[in-house]
Every structure is written in C-alpha cells, then in structure tokens.
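Have a look at the structure below before the remarks.
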Amino acid sequence: MRTLKEYPVNELKLVYRALHASLPGEPDLMDSELLDDLQRFLQERATQDGVDVSTHSQWAAWLADR
C-alpha cells in the first residue's frame with residue numbers, strides 16, 4: 001500500500017475537494033480519519049509552498065490550483 005506522499009499532489013487535491021464537497025450530504029465524513037489525514041497532509045504541503053492555511057482564501061486558492 002502506498003502512503004499519501006507517494007501520490008501526485010494534484011490528485012490528492014482533487015480527492016480532497018470531492019470529499020469536502022460531499023460533506024453536506026454525508027455528514028459522517030466529518031469524523032473520517034482518512035479525510036482528516038488527507039487534510040493534514042495537504043495543509044503541510046501548502047505550508048511548505050508558503051501558504052498560510054489559517055487564511056481560508058489562501059488555502060482555498062492553493063487547493064484549487066492544479
């Protein structure tokens with residue numbers, strides 16, 4: 001099994017955006033360890049890219065960047 005760091009970041013962003021968009025219809029995703037791990041991993045990558053992930057607009061722009 002591969003770890004998250006072995007996948008292309010753009011693919012992980014796409015999966016994260018799809019899961020996050022599903023939250024209203026699938027509220028149990030809020031408790032998903034996978035979603036939490038994916039978000040944490042992506043936030044670490046974004047921080048490495050100089051993004052302030054505590055600023056929603058910066059975080060959202062980084063996630064949308066392909």
Side-chain angles (χ1 to χ4, degrees):
M1 181 177 294
R2 298 183 340 180
T3 64
L4 290 175
K5 67 182 177 186
E6 296 176 75
Y7 289 92
V9 172
N10 287 338
E11 186 176 318
L12 295 173
K13 288 179 181 182
L14 174 62
V15 170
Y16 179 80
R17 289 191 315 265
L19 288 174
H20 194 267
S22 299
L23 286 173
E26 297 289 341
D28 290 341
L29 281 173
M30 288 295 293
D31 297 325
S32 167
E33 290 182 33
L34 174 60
L35 183 57
D36 188 50
D37 288 345
L38 179 57
Q39 181 177 17
R40 187 172 313 119
F41 177 80
L42 289 172
Q43 286 179 336
E44 289 172 6
R45 290 295 302 265
T47 299
Q48 291 171 4
D49 288 347
V51 174
D52 178 357
V53 297
S54 67
T55 303
H56 180 75
S57 60
Q58 286 187 33
W59 167 238
W62 185 84
L63 281 174
D65 184 34
R66 298 176 185 156

Is it the case that one hydrophobic cluster holds both Met30 and Leu34, taking links as side-chain heavy atoms less than 4.5 Å apart, direct or via other members?
-> no
Rounded to the nearest 0.5 angstrom, the CG-NZ distance for Leu38 and Lys13 is 12.0 Å
Without swapping roles, check the side chain of Arg2 against the backbone of Tyr7 for a donor-acceptor pair under 3.5 Å.
-> no
Heavy-atom side-chain proximity of His20 to Leu23 below 4.5 angstrom | yes
Among Val15, Leu14, Leu19, which one satisfies side chain to side chain contact (heavy atoms under 4.5 Å, CB included) with Arg17?
-> Leu14
Should Arg45 and Asp49 count as an ion pair when the cut-off is N to O under 4.0 Å?
-> no
Rounded to the nearest 0.5 Å, how far does CZ of Arg40 lie from CD of Glu44?
-> 7.5 Å
Derivation and outcome, side chain to side chain donor-acceptor pair (under 3.5 Å), residues Thr3 and Glu6 | CA-CA 6 Å; Thr3 64; Glu6 296 176 75; 3.0 Å; yes
Distance, nearest 0.5 Å, that separates NZ of Lys5 from CZ of Phe41 = 8.5 Å
To the nearest 0.5 Å, how far apart are CG in Leu35 and CG in Asp28?
-> 12.0 Å
Taking the side chain as every heavy atom from C-beta outward, state whether Trp62 and Val53 have any atom pair closer than 4.5 Å.
-> no
Minimum heavy-atom distance between Ala21 and Pro24, given as atom pair plus value | O-CD, 3.3 Å
Between the CG atom in Asp36 and the CG atom in Asp31, the distance rounded to the nearest 0.5 Å is 10.0 Å
